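Throughout, a chain's letter reflects where its sequence line sits, starting with A, and its residues are numbered from 1. On a predicted model such as this, the values are computed, not experimentally measured, just so you know.
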Amino acid sequence: MSVLIFVDQSEGHIKKSSFEILTYGAQLATQLGVAAQALVAGTVADDLSALGKYGVTKVLHAPAEALNHVDSQMYAQLVATVATTQNASVIIFSHNQTGKAVAGRVAAKLKAGLVTGAVALPDTTSGFVVKRTVFSGKAFANVNILSAVKVISVNPNSFHVTATEGKTAEVETIEIAATPKIKVTAVNKVSGDVPLTEAEIVVSGGRGLKGPENWGMLEDLAKVLHAATACSRPVADSHWRPHHEHVGQTGFQIAPNLYIAIGISGAIQHLAGVNRSKVIVVINKDPEAPFFKAADYGIVGDAFEVIPQLTAEIKKMKGI
Amino acid sequence: MKILVCISKTPDTTSKIAFKNGNTVFDDAGVQWIINPYDEWYALVRAIELQEKDPSAVIHLVTVGGADCEPVIRKALALGGNEAIRVNADSTDSYFIAAQIAEIAKQGGYDLVLTGKETIDYNGSTVGAMVAELLDMPYVSLATKFDLNGTTATINRDIEGGEEVNEVGLPVVVSCQKGVAEQRIPNMRGIMAARTKPLKVTEATAVEALTGIVSFELPPAKAGVKLVPADNVAELVRLLHEEAKAI
Ligand SMILES: Cc1cc2nc3c(=O)[nH]c(=O)nc-3n(C[C@H](O)[C@H](O)[C@H](O)COP(=O)(O)OP(=O)(O)OC[C@H]3O[C@@H](n4cnc5c(N)ncnc54)[C@H](O)[C@@H]3O)c2cc1C
């Protein structure tokens with residue numbers, strides 16, 4: 001028996017959300033008294049034996065070039081085959097774009113119960129109960145998985161990475177014949193920026209910023225904090241900012257360490273996407289803005305005056 | 001061409017989320033039900049647009065749920081679609097729902113199955129993938145653009161750290177999000193027409209439950225906001241650094 005962790009890669013590199021699930025999977029394996037194994041698909045530049053530091057003993061690598069793009073059908077076939085040959089009892093994904101494409105297929109193929117958006121390790125004292133977010137972050141559900149084989153996809157940014165430097169894993173190459181039905185005709189990577197769902201700090205702007213031309217000061221603040229930028233829905237709808245920055249009930253749901261909301265009123269639909277942030281700072285000129293009720297720290301003031309000062313003070317604090 | 005659009009009902013986004021029976025059941029007292037926004041704004045509207053371009057296309061809507069889903073499915077029919085199918089069952093989990101939809105899809109021989117990217121209540125983002133697997137069809141998740149040229153679909157979709165353009169032959173299952181279409185408001189003619197469109201009810205096929213909800217919980221309440229005067233931004237930075245340890 002084993003816990004099999006599906007490790008996602010982007011352009012040959014393994015991403016933070018995968019380190020989180022490696023840690024998650026390794027801790028679960030310890031809890032269940034079984035081995036933790038990782039599965040990686042496609043061409044990889046990183047040293048895979050180094051994944052051992054997150055607690056896996058073996059890395060199975062399917063290097064076929066056809067796997068460089070996530071074709072859910074092909075990926076599901078790969079994961080299901082490996083899970084069966086390795087006798088995996090639990091399969092772990094990140095609840096990211098790849099997990100959303102593949103986890104459901106694997107679950108249906110193996111008739112395995114699936115919990116997506118998990119935020120904690122399973123409670124195995126009575127059954128196999130996994131805590132996940134529901135109602136777009138407004139609540140949690142504890143879900144019992146009843147089947148023998150189980151699939152869990154873990155919300156990005158909800159599990160702390162732990163690593164033991166120096167520990168290595170055995171790497172085994174597996175050959176599979178893969179022919180995708182989907183042809184990829186173009187790939188556009190957003191390079192450089194911190195991906196929103198993985199960011200530790202998010203600086204977010206609302207309609208209070210008046211127009212897209214005023215986002216410079218927000219980007220300056222994000223830069224000194226190494227933060228990702230986000231926005232409220234009307235801001236994305238008015239095309240002030242790209243849609244992949246839209247957070248809320250109908251946008252991305254995020255859980256950074258720090259969320260700084262600037263000129264956002266704090267409508268219930270917006271809060272749903274950000275209320276799992278550990279610390280929330282609200283800057284709004286209206287003391288009655290509902291966001292203050294959901295905040296840890298706040299400044300009642302004009303964003304156009306406060307933001308440049310905030311950037312300057314952080315620079316001072318960091319000595320940059 | 002036959003298109004199947006999956007429709008789910010969800011609580012209105014302003015609903016107060018509360019639970020009853022010892023936190024085991026969602027408390028729907030006073031809750032307004034709406035069509036899941038992703039199903040309505042993107043999947044359904046895109047299907048309607050495809051039918052406007054190709055009037056020979058047929059759109060069926062499918063929902064899994066009790067009779068209380070009917071007002072929501074009529075609302076969807078007011079926007080468009082030729083007929084609706086309701087699989088009469090209380091949905092237990094996403095696999096159960098996917099198995100029902102796959103059964104309908106098999107019987108109907110659809111070229112295209114569209115879903116929203118997730119429902120705003122359970123946020124599973126899995127039904128499309130499961131349906132595709134049960135039908136052994138390709139699945140394109142998180143689409144932001146969808147075009148059809150004969151029997152080849154060109155789809156932009158979100159991937160880790162960017163987006164990808166996919167070309168795939170029909171039949172295919174696609175989950176839709178912002179970008180695929182623009183929200184529409186039903187008009188009077190649509191609302192009238194929806195009353196007489198066929199709404200077939202079929203019984204569910206037996207599927208064993210793979211998961212079960214044990215309980216719900218609400219996030220812990222915030223302790224209350226600490227306000228810092230606007231002329232002392234340095235104090236906010238100090239608090240974030242020393243007290244919250246967030247920067
Ligand atoms: C079905 C549905 C789904 C939705 N989904 C989402 C979602 O996913 N995400 C989302 O964000 N919204 C969503 N909404 C919209 C939501 O209800 C709000 O309308 C929206 O969040 C408001 O955006 P805002 O706070 O930027 O703008 P506003 O509500 O207009 O607030 C602007 C704020 O800026 C402040 N302000 C103005 N000038 C300044 C200044 N100079 N300095 C500082 N502060 C200033 C004002 O006091 C005000 O509080 C949804 C709505 C519906 C009906």
Side-chain angles (χ1 to χ4, degrees), chain A residues 8 10 70 72-73 76 96-98 100-101 104-105 108-109 113-117 129 134-136 138-147 181-190 195 225 243 249-250 257-258 268-269 275 279 292 294-301 306 309-310 313-314 317, chain B residues 13-14 17 37-38 93-95 98 120-130 132-134 138-142 144 158-169 178-179 209-219 222 225-228 230 233-234 236-237 239-241 244 246-247:
Chain A
D8 199 14
S10 175
V70 181
S72 63
Q73 226 167 354
N96 62 7
Q97 284 87 339
T98 306
K100 287 175 187 176
R105 286 199 89 120
K109 207 181 223 355
L114 166 66
V115 172
T116 58
V129 180
V134 285
F135 297 101
S136 306
K138 288 177 193 164
F140 298 100
N142 295 303
V143 184
N144 193 11
I145 307 185
L146 306 163
S147 52
K181 278 197 200 152
I182 295 174
K183 194 167 123 195
V184 178
T185 55
V187 180
N188 308 313
K189 291 271 178 176
V190 195
L225 289 169
H243 92 87
Q249 188 154 14
T250 51
N257 243 332
L258 173 61
I268 187 165
Q269 296 94 350
N275 64 5
V279 178
F292 284 117
D296 299 286
Y297 299 98
I299 289 184
V300 178
V306 174
Q309 286 183 51
L310 186 55
E313 289 297 336
I314 291 167
M317 189 265 291
Chain B
T13 54
T14 56
I17 304 301
Y38 292 106
D93 70 356
S94 51
Y95 180 71
I120 61 167
D121 49 5
Y122 289 102
N123 313 99
S125 210
T126 62
V127 167
M130 288 179 172
E133 184 59 35
L134 295 170
Y139 173 55
V140 180
S141 50
L142 309 176
T144 55
D158 280 358
I159 55 167
E160 262 309 279
E163 68 155 27
E164 202 174 75
V165 184
N166 286 176
E167 245 176 52
V168 59
K178 197 163 178 168
L210 298 176
T211 64
I213 292 177
V214 180
S215 61
F216 292 98
E217 47 189 273
L218 292 169
K222 287 271 178 191
V225 62
K226 236 183 217 181
L227 287 177
V228 175
V233 178
L236 176 65
V237 174
L239 286 168
L240 289 177
H241 183 59
I247 59 174

Which atom pair, heavy atoms only, marks the closest approach of B:Pro138 to A:Lys181? CG-CD, 4.2 Å
Compute whether any side-chain donor of one residue and acceptor of the other, for B:Thr13 and A:Gln269, lie under 3.5 angstrom apart. yes
On a heavy-atom basis, the closest approach of B:Ala244 and A:Val279 is CB-CG2, 4.1 Å
List in chain and number order the residues that pass ring-ring contact (aromatic ring centres under 6.0 Å, His included) with B:Tyr122, two or more places apart in sequence or in another chain; answer none if no residue qualifies. A:Phe135
Which atoms of B:Ser141 come close to chain A, meaning under 4.5 Å heavy atom to heavy atom: side chain ones, backbone ones, both, or neither? side chain
Partner chain B: residue of A:Ala76, A:Ala101, A:Gly301 with the largest heavy-atom pair count (under 4.5 Å): A:Ala101
Is it the side chain or the backbone of A:Val70 that comes within 4.5 Å of chain B heavy atoms, both, or neither? both
What do the steps show when you test A:Ile299 against B:Val233 for side chain to side chain contact (heavy atoms under 4.5 Å, CB included), and what is the final call? CA-CA 8 Å; A:Ile299 289 184; B:Val233 178; 4.3 Å; yes
Non-hydrogen atoms of chain B under 4.5 Å away: do they reach the side chain of A:Ser10, the backbone, both or neither? side chain
Stepwise, does the side chain to side chain donor-acceptor pair (under 3.5 Å) test hold for B:Glu163 with A:Asn188? CA-CA 5 Å; B:Glu163 68 155 27; A:Asn188 308 313; 3.2 Å; yes
For B:Lys222 versus A:Ala294, what's the shortest heavy-atom pair and its separation? CE-O, 3.5 Å
Output the distance between atom CD (A:Gln97) and atom CG (B:Leu142), rounded to the nearest 0.5 Å. 6.5 Å
Looking at A:Leu225, A:Asn257, A:Leu258, which one has more heavy-atom pairs under 4.5 Å with chain B than the rest? A:Leu258
What pair of heavy atoms forms the shortest contact from A:Leu146 to B:Gly212, and how long is it? CD1-N, 4.2 Å
Go through the structure and list residues passing ring-ring contact (aromatic ring centres under 6.0 Å, His included) with B:Phe216, not counting sequence neighbours. B:Phe19
Which atoms of B:Leu236 approach chain A - backbone, side chain, both or neither, heavy atom under 4.5 Å: side chain
Between B:Leu218 and A:Lys138, does a side chain to side chain contact (heavy atoms under 4.5 Å, CB included) hold up when you go through it step by step? CA-CA 7 Å; B:Leu218 292 169; A:Lys138 288 177 193 164; over 6 Å; no
By a 4.5 Å heavy-atom criterion (distance strictly below it), what part of A:Ser147 contacts chain B: side chain, backbone, both, or neither? both
With the side chain counted from C-beta on, respond yes when B:Glu217 and A:Asn142 share a heavy-atom pair under 4.5 Å apart, and no when they do not. yes
Can A:Asp296 and B:Lys226 be counted as an ion pair, charged N to O under 4.0 angstrom? no
What are the two closest heavy atoms between B:Ala230 and A:Val300, and how far apart are they? CB-O, 3.6 Å
Please classify the contact of B:Leu239 with chain A as side chain, backbone, both or neither, using a heavy-atom distance under 4.5 Å. both
Measure the shortest side-chain to side-chain distance between A:Asn144 and B:Thr211 over non-hydrogen atoms and say whether it is less than 4.5 angstrom. no
Short question: side chain of B:Thr126, backbone of A:Gly104 - any donor-acceptor pair under 3.5 Å? no
How far apart are the closest heavy atoms of A:Gln249 and B:Tyr38, and which atoms are they? O-OH, 4.1 Å
